[in-house]
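Notes for the one structure printed next.
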Amino acid sequence: MESTRVGRIRYINVAPVYHGFDSGQVAAPFSFISRAPATLNSMILNSALDISPVSSIAYARHHNHLMVLPDLSISCFGDVMSVVLASRFPIDQLDGKTIVFSSESETAVGFLRLYFAQKKIAPVFVATQINSPEDRVCADAAGVLTIGDLALTGEWERRFDHVWDIGRLWQELAGRPFVFGLWVVRRAFAEARPEVVAEILKRFHASKQKGLAQIDQVIVRAAGVTGLDVETCRRYYRLLQYDLGPEQIAGAETFFDMLFAQGMLAEAVRLSFFNPSP
Ligand SMILES: C=C(O[C@@H]1C=C(C(=O)O)C=C[C@H]1O)C(=O)O
């Protein structure tokens, strides 16, 4: 277990899931590697990680190499706050205009491409490293898609006439939860070391349980890290869901089906789970 390389998204969105580990209540005798989602996606596909949260769309694209860990996800049903499209124009006037998107994201930008394709609107999408809402790239763009802490702290409403919450756009489209992230294990690692994966999964569930039970501690810590006020953080964690029950599974598979129907995914994908007690 000690040599297992475990990923972590470097945003406060996952803090409840890691709270048991962070607070020392659940032992973590393995190393955490904390990165943006898109980096974790490529690291696990390059075998630089064994277990990690990834963008749900990255799982869909590479499901042959990955297995989903049960009862863990980054989901919402309606607003999520930390995935936003800020725009200088109404949605139906973005045809031919430039939307810059954070190169840290894969799911949110995949959703946005799908959303505009369904509406037969064709913005020009450009991937960029966005460090601050004051970046030149943001000033020059018609629209900006950001995720994570920067989406939460950027005060996009002050800078743009229109701000849409991607969780809400999805809910209006599909009427289901949106699954932004999934925890996965490399299939080859799961086949070679199933007992290690089962043990680490058990600890993740215990760590998440501590986080949800002690959410006030998570909130205070997240406020300290981001500079957001405690009430905003409280509201944020009420919106996020970390379970992967029938509703989230249906939400993820509906998203994959829509991507497939739009020619944005090579095949129809179902979630294939690691079974901790075969
Ligand atoms: C809710 C969020 O969802 C995220 C968005 C992701 C993506 O767009 O690829 C991946 C994982 C999550 O970090 C967030 O970033 O806060």
Side-chain angles (χ1 to χ4, degrees), residues 7-18 32-45 49 51-63 66 68-69 72-86 99-115 125 127-131 143-154 156 163-171 176-184 208 211 218-219 222 225-226 228 232-233 235-244 248 251-252 255-256 259 264-265:
R8 172 176 188 151
I9 293 173
R10 61 165 176 76
Y11 308 147
I12 63 162
N13 60 3
V14 297
V17 174
Y18 292 81
F32 286 118
I33 294 140
S34 190
R35 299 280 189 279
T39 307
L40 297 173
N41 300 344
S42 43
M43 284 181 79
I44 197 161
L45 290 167
L49 287 172
I51 290 174
S52 185
V54 294
S55 303
S56 58
I57 201 170
Y59 167 75
R61 287 174 179 146
H62 305 284
H63 64 101
L66 304 168
V68 178
L69 297 183
L72 290 169
S73 79
I74 306 166
S75 306
C76 65
F77 185 53
D79 285 344
V80 64
M81 286 169 67
S82 58
V83 186
V84 299
L85 173 63
I99 295 180
V100 296
F101 66 90
S102 164
S103 50
E104 301 188 357
S105 160
E106 282 192 40
T107 302
V109 67
F111 166 76
L112 216 54
R113 287 183 192 276
L114 170 73
Y115 183 82
F125 286 99
T128 326
Q129 180 66 42
I130 305 171
N131 300 312
V144 181
L145 174 73
T146 50
I147 67 169
D149 296 1
L150 185 59
L152 286 170
T153 59
W156 300 95
V163 177
W164 296 282
D165 186 301
I166 297 298
R168 177 163 295 272
L169 285 188
W170 167 258
Q171 187 197 33
R176 294 190 186 283
F178 195 50
V179 179
F180 286 98
L182 294 163
W183 270 258
V184 298
K208 166 180 134 178
V218 178
I219 288 168
V225 168
T226 57
L228 292 166
T232 303
C233 291
R235 192 154 51 89
Y236 180 50
Y237 289 122
R238 282 207 195 102
L239 298 174
L240 281 170
Q241 306 170 345
Y242 301 102
D243 294 339
L244 187 52
Q248 288 85 14
F255 178 45
F256 299 162
L259 290 167
M264 296 176 166
L265 205 54

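Both ligands and their constituent atoms are indexed starting at 1 by order of listing.
Both the backbone and the side chain of A108 come within 4.0 Å of ligand 1, judged by heavy-atom distances. Counting heavy atoms closer than 4.0 Å to ligand 1, residue N13 contributes side-chain atoms (C-beta onward) but none from N, CA, C or O. Residue F111 does not touch ligand 1, judged by heavy-atom distances below 4.0 Å.
Of the protein's non-hydrogen atoms, the one nearest atom 6 (C) of ligand 1 is I147 CD1, 4.1 Å. In terms of protein heavy atoms, atom 15 (O) of ligand 1 is closest to G148 N, 3.2 Å. The protein atom (non-hydrogen) at minimum distance from atom 9 (O) of ligand 1 is S55 OG, 2.6 Å. With hydrogens left out, the protein atom closest to atom 8 (O) of ligand 1 is S105 OG, 2.7 Å, a heavy atom. For atom 7 (C) of ligand 1, the closest non-hydrogen atom of the protein is T107 N, 3.4 Å. Nearest to atom 1 (C) of ligand 1 among the protein's heavy atoms is S82 OG, 3.4 Å. What sits closest to atom 3 (O) of ligand 1 on the protein, heavy atoms only, is F180 CB, 3.3 Å.
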Run the side chain to side chain contact (heavy atoms under 4.5 Å, CB included) test on L85 and F101 for me, step by step, so that the C-alpha distance in whole Å, both residues' side-chain angles and the decisive distance to 0.1 Å come before the verdict.
CA-CA 9 Å; L85 173 63; F101 66 90; over 6 Å; no
Quick one: do T107 and V83 satisfy side chain to side chain contact (heavy atoms under 4.5 Å, CB included)? Show the steps, please.
CA-CA 10 Å; T107 302; V83 186; over 6 Å; no
Given R10 and D149, is the salt bridge (Lys or Arg N to Asp or Glu O under 4.0 Å) satisfied, shown in steps?
CA-CA 9 Å; R10 61 165 176 76; D149 296 1; over 6 Å; no
Would you please test E104 and I130 for side chain to side chain contact (heavy atoms under 4.5 Å, CB included) and show each step?
CA-CA 9 Å; E104 301 188 357; I130 305 171; over 6 Å; no
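For ligand 1, the atoms sitting less than 4.0 Å from at least one non-hydrogen atom of E106 are 7 (C), 8 (O), 9 (O), numbered in the order shown with element in parentheses. Atoms of ligand 1 lying under 4.0 Å from any heavy atom of Y11, numbered from 1 in the order shown and given with element: 13 (O), 15 (O). Residue Y236 approaches ligand 1 through these ligand atoms, each under 4.0 Å from one of its heavy atoms: 16 (O). Annotation for ligand 1: atoms under 4.0 Å from non-hydrogen atoms of V83 are 1 (C), 2 (C), 3 (O), 14 (C).
Not a single heavy atom of F101 sits under 4.0 Å from any atom of ligand 1.
With sequence neighbours left out, the side chain to side chain donor-acceptor pair (under 3.5 Å) criterion links S82 to Y236.
A side chain to side chain contact (heavy atoms under 4.5 Å, CB included) with L244 is found for one member of L69, L182, I74, L72 and no other, namely L182.
A distance-only check finds a donor-acceptor pair linking the side chain of S73 to the backbone of D243 [under 3.5 Å].
Ring geometry for F111 versus W170: interplanar angle over 60°, hence perpendicular rather than tilted (30 to 60°).
Considering every non-hydrogen atom in both V179 and Q248, the closest pair reads CG2-O, 3.2 Å. Listed here is the closest heavy atom pair of V84 and D165: CG1-CA, 4.5 Å.
With atom 10 (C) of ligand 1 as the reference point, the heavy atom nearest to it among G110, P37, S73, A151 is part of P37.
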